[in-house]
**Student:** 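Let me begin by handing over the structure; questions about it come next.
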Amino acid sequence: MKLNTTTAKNSFKYSWLLSRIWPYIKPYWFRILLGFAIAIPLGLLDGVTAFALKPYMDYVVGGKEFALSWHGINFTITSIQMSLLLPVGVVLFAAVQGVLRYLNDYISAWTSQRITNDVKFDLFHRLIHMHPQFFDENSSGIIISRYMGDPQTASAGIVEQLKTITTALFGALGLIAVMLYSSCRLAIIGVLVLCIAFVPVALIRKRIKEASNKNMVIGGNITTNINETYSGNKVMAAYALQDRQETFFRKQVTDSFNINMSLTKRAAWMSPMMYLIASFGIATVLGYGTFLINSGQMTAGAFASFVTSLLLLYKPVKTLGNTLTGIQNIFVAMGRVFELFDLVPEIKDCENPKTLAGLQNSIEFRNVNFEYIPNHPVLKNFNLSVQKNETLAIVGNSGGGKSTLVNLIPRFYDIKSGSIKFDGVDIGEFSLSSLRHNVSMVFQDNFLFSGSIKENILMGNPDASMDELNLAIQSAHLEDMINELPEGLETMLGERGLTLSGGQRQRVAIARAMLRNAPIVILDEATSALDNESEAIVQKAMDNLMQNRTVFIIAHRLSTIKNADRIAVINEGELVELGTHDDLMNIENGHYRALYEMQFKKQESASIV
C-alpha cells in the first residue's frame, strides 16, 4: 500500500473510531473519568459569577435584607453583610476553580501522553515487521509522518478535546440553569438561538476532513524532502541541486499554505455568523426583558443575572464550536492511524510454522518466478540447486536479477510462483525468525546503527561471549582499527556509521555476520565500492566468513569468482549458464566468456603485473 494515497475514509464513522481507540483508553479509564468528573464542576462554576449578580443587584444595590425562614428558624442578611459575603464567595469559588483546572490539565496531559505512547508502541511494532517492499513503495517522510505524526494528532488530542467539550458543555449547562432560574421564557429564546448558532459547524465538517488529509500528505512529503536533502547532501552539492530541492520545498510549503487558507476562507465565516446569530438573540432578550421588568414579572437583578449568563454563554458555545471543528481533524488522523493498523504484512509466518535448524543437504530453486511490479517479471522459471557448504558466485548483466535472487532466500520478498526449498521443505513453511537466523548477509552498503562499534557487532548475536566477540573481530581483521581508536570497541558511531570509512564499515558488518555464525552466507557485492587496499583487507575477512558455509556471492572481483565452486550466470532473469570458471570459458560465444572479456580480463592482467 502506498501511504500517500490514503483517504481516511472512516473519519466520519465516530462510533467505529471510538471502538478502535477504546482498547488504548481502557487502561486509563479511571484517570480519564476523574478528569471528566473534575471538568463537570469546573464548567458549572462559570455560572457562579452570573448567579451572584441577582442577589447583588436585588439586595446590595437595592438595599434590601435577605430573609430566610425554615421550620421556625429565621435567618436574615443585611445589605452590608451581603456586600461583603458575595465578593468573598466569588474569590473562593475562583480559587477552587483554579485548583480544579490545574488537576484537570495535569490528568489530561498524563493520560493523553500515555495513550499516545501506547499507540506509537503498537504502530512501531507493526512497522518493523512490515515486508521490505512496503519500504520500497513509501518514502521515509511519509512513513515518519504517518507512524509518528498521526498518532500524536489522534490520540493526544482526543482526551484533551473531550475534556474541553465536557468543561464547555457543563459550563453552558450551568449558565443555562442560571438563565432558567432567572426567567424560563427568556431562557427558551437564548437556547433556541444557540442551537441555530451550531448550524455552521455541521456545514464545514467535510471541508475539514479533505483539507486535513491533504495537509498530512504534504507534511510527509516535506519530511521526505528534508531527509533526502540530508542523506543526499554530497550528490546535491556535486550536481548543484540546491535550487531543485529548494523549489520542491517552496512548492510543498506553498501547497500547504493554500490548503490552509482555503479551509480558513470557508471556516472563518463561522465566528462572525455565530456573532450575528447571537446578536439577534441578545437584541430579542433585551427587548422582551425590558417588557418583563416594566410589567413587574421580573426583577432588575434577575434580568442582570440572565443577560450576564447569556453573554458568558457565548464563550463555552464558541469553544464547543471550535472544539467540534478541531475534533474532526483528530478523527481524520485517527482514521489514518487505524488504516495503518489494518495493514497486513504480505510476508508472514504460516500457521504452525516449522523451525529451521541449519542446512543438511541443499537449497533448491524450482521454476521460480518473481516480479516487483505486476506483469514485469524479474526472474523467469529459475531453476538451481546449491549443495551444503558450496560457494556459488552469481554474475550477470546489471538489473538481471542477481540481488533479487539472494533476497528471496531470507524471504525479504515472496515469489510469484514456483518454490524455494531447504532440504526439500519450502521456506514458506519455516518461521521467519528461524529462517533468517540461519542466514547472514553482507551488503554493498551495510547499514550501521547509532551506537558503539561493540553494539553494532553484537547485533549478530546479543548473547555472544567476549571470546566469541574477539574471535569475530579478529576474523574480520578489525583489531588494528579498534586499537587505534581512543575508546576502542566503545567508540560511538555517527548516524549510519558514516564516521568510519567504507572498508571499516564492511569489516564491522562482516564481524556482525561472523558472530551470527549462520550456516548460509549471502555476500551482495560487498567489495564493489571499495578501493584496492580496502578491498584486499575486506576480502580476507570475507574468506574467513565463507569457511564451511553455504555461500551465495555476487561479486565483481575475478579471484572471488574463480575460487567459487560454481558460477551461475543470470541474464534478464534467467539462468543461462552454470559451471566452474574453466567450464564456462570453454563455451564458445558464451555469456560468461563475453562478460570475462569485457569486465574481468583487465583485473587478471593487473594482478599479473
Side-chain angles (χ1 to χ4, degrees), residues 117 120-121 124-125 127-128 135 140 143-144 147-148 223 226-238 410 433 436-437 439-518 521-547 549 557:
N117 289 346
K120 286 183 176 179
F121 292 154
F124 192 76
H125 174 78
L127 176 65
I128 60 179
F135 296 95
S140 59
I143 288 176
I144 292 170
Y147 279 83
M148 293 292 107
T223 306
I226 294 172
N227 284 348
E228 289 179 347
T229 300
Y230 173 82
S231 300
N233 67 89
K234 290 186 178 67
V235 175
M236 181 180 67
S433 59
R436 292 171 182 172
H437 187 74
V439 180
S440 291
M441 299 191 73
V442 180
F443 304 95
Q444 178 180 344
D445 182 19
N446 285 283
F447 190 95
L448 299 184
F449 291 83
S450 298
S452 68
I453 294 175
K454 180 180 179 180
E455 289 171 337
N456 271 275
I457 296 174
L458 283 173
M459 289 174 185
N461 179 10
D463 299 322
S465 65
M466 278 304 298
D467 289 340
E468 291 171 323
L469 176 63
N470 290 329
L471 180 60
I473 291 169
Q474 182 180 355
S475 299
H477 293 276
L478 275 172
E479 288 176 304
D480 290 343
M481 182 199 85
I482 291 172
N483 290 334
E484 290 172 1
L485 295 170
E487 297 180 45
L489 272 174
E490 301 301 330
T491 300
M492 300 301 291
L493 301 179
E495 187 174 355
R496 300 182 65 186
L498 295 179
T499 51
L500 301 180
S501 69
Q504 290 170 336
R505 287 199 301 273
Q506 291 298 79
R507 281 181 280 155
V508 171
I510 290 170
R512 182 165 62 193
M514 190 79 68
L515 202 60
R516 192 174 191 88
N517 196 27
V521 172
I522 296 173
L523 304 171
D524 190 353
E525 301 199 67
T527 62
S528 64
L530 304 180
D531 57 59
N532 290 335
E533 184 178 353
S534 298
E535 181 179 355
I537 299 173
V538 170
Q539 187 62 46
K540 291 178 182 178
M542 284 170 49
D543 291 341
N544 291 332
L545 176 62
M546 292 162 59
Q547 289 179 10
R549 291 180 173 89
R557 195 171 186 268

**Student:** Once rounded to the nearest 0.5 Å, what's the spacing between atom CD1 of Ile522 and atom OG of Ser440?
**Tutor:** 9.0 Å
**Student:** Within the supplied structure, the quantity of interest is the number of heavy atoms (other residues, nucleotides, ligands) at a distance under 6.0 Å from Phe124 CZ; does it exceed 12?
**Tutor:** no
**Student:** Taking atom CG of Leu523 and atom CE of Met546, what is their separation to the nearest 0.5 Å?
**Tutor:**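 Reported value, rounded in 0.5 Å steps: 6.0 Å.
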**Student:** Could you tell me whether the side chain of Asn456 and the main chain of Phe449 form a donor-acceptor pair under 3.5 Å?
**Tutor:** yes
**Student:** Calculate, to the nearest 0.5 Å, the distance between atoms CD and OG belonging to Glu490 and Ser452 respectively.
**Tutor:** 5.0 Å
**Student:** In Å, rounded to the nearest 0.5 Å, how long is the span from OG1 of Thr491 to NZ of Lys454?
**Tutor:**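 Rounded to the nearest 0.5 Å, the OG1-NZ separation comes out at 12.0 Å.
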**Student:** Compile the donor-acceptor pairs under 3.5 Å between side chains in residues 466-477 and protein atoms, sequence neighbours left out, one pair per line.
**Tutor:**
| from | atom 1 | to | atom 2 | distance (Å) |
| --- | --- | --- | --- | --- |
| Glu468 | OE1 | Ser465 | N | 2.8 |
| Glu468 | OE1 | Ser465 | OG | 3.4 |
| Asn470 | ND2 | Met466 | O | 3.1 |
| Ser475 | OG | Leu471 | O | 2.9 |

**Student:** Holding to side-chain hydrogen bond (donor to acceptor under 3.5 Å, both in side chains), I want the full list of residues that pass it with Arg549, two or more places apart in sequence or in another chain.
**Tutor:** Asn517
**Student:** Identify the heavy atoms of Gly451 and Glu455 that sit nearest to each other, and give their distance.
**Tutor:** CA-OE1, 3.2 Å
**Student:** Looking only at heavy atoms, what is the nearest atom pair of Val439 and Arg516, with distance?
**Tutor:**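 Nearest heavy atoms, Val439 then Arg516: O-NE, 3.4 Å.
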**Student:** Side chain of Gln506, backbone of Phe443: donor and acceptor closer than 3.5 Å?
**Tutor:** yes
**Student:** To the nearest 0.5 angstrom, please state how far the CG atom of Asp463 sits from the CG atom of Leu458.
**Tutor:**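 That separation rounds to 9.5 Å.
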**Student:** For residues Tyr147 and Lys120, report the shortest heavy-atom separation together with the two atoms involved.
**Tutor:**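 It is O-CG, 4.5 Å.
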**Student:** What are the two closest non-hydrogen atoms of Pro410 and Arg436, and how far apart are they?
**Tutor:**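 Minimum heavy-atom contact is O-NE, 2.8 Å.
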**Student:** From Leu489 CG over to Ile453 CD1, what is the distance, rounded to the nearest 0.5 angstrom?
**Tutor:** 6.5 Å
**Student:** Kindly list each side-chain donor-acceptor pair under 3.5 angstrom involving residues 481-488, sequence neighbours excluded, with atom names and distances?
**Tutor:**
| from | atom 1 | to | atom 2 | distance (Å) |
| --- | --- | --- | --- | --- |
| Asn483 | ND2 | Glu479 | O | 3.1 |

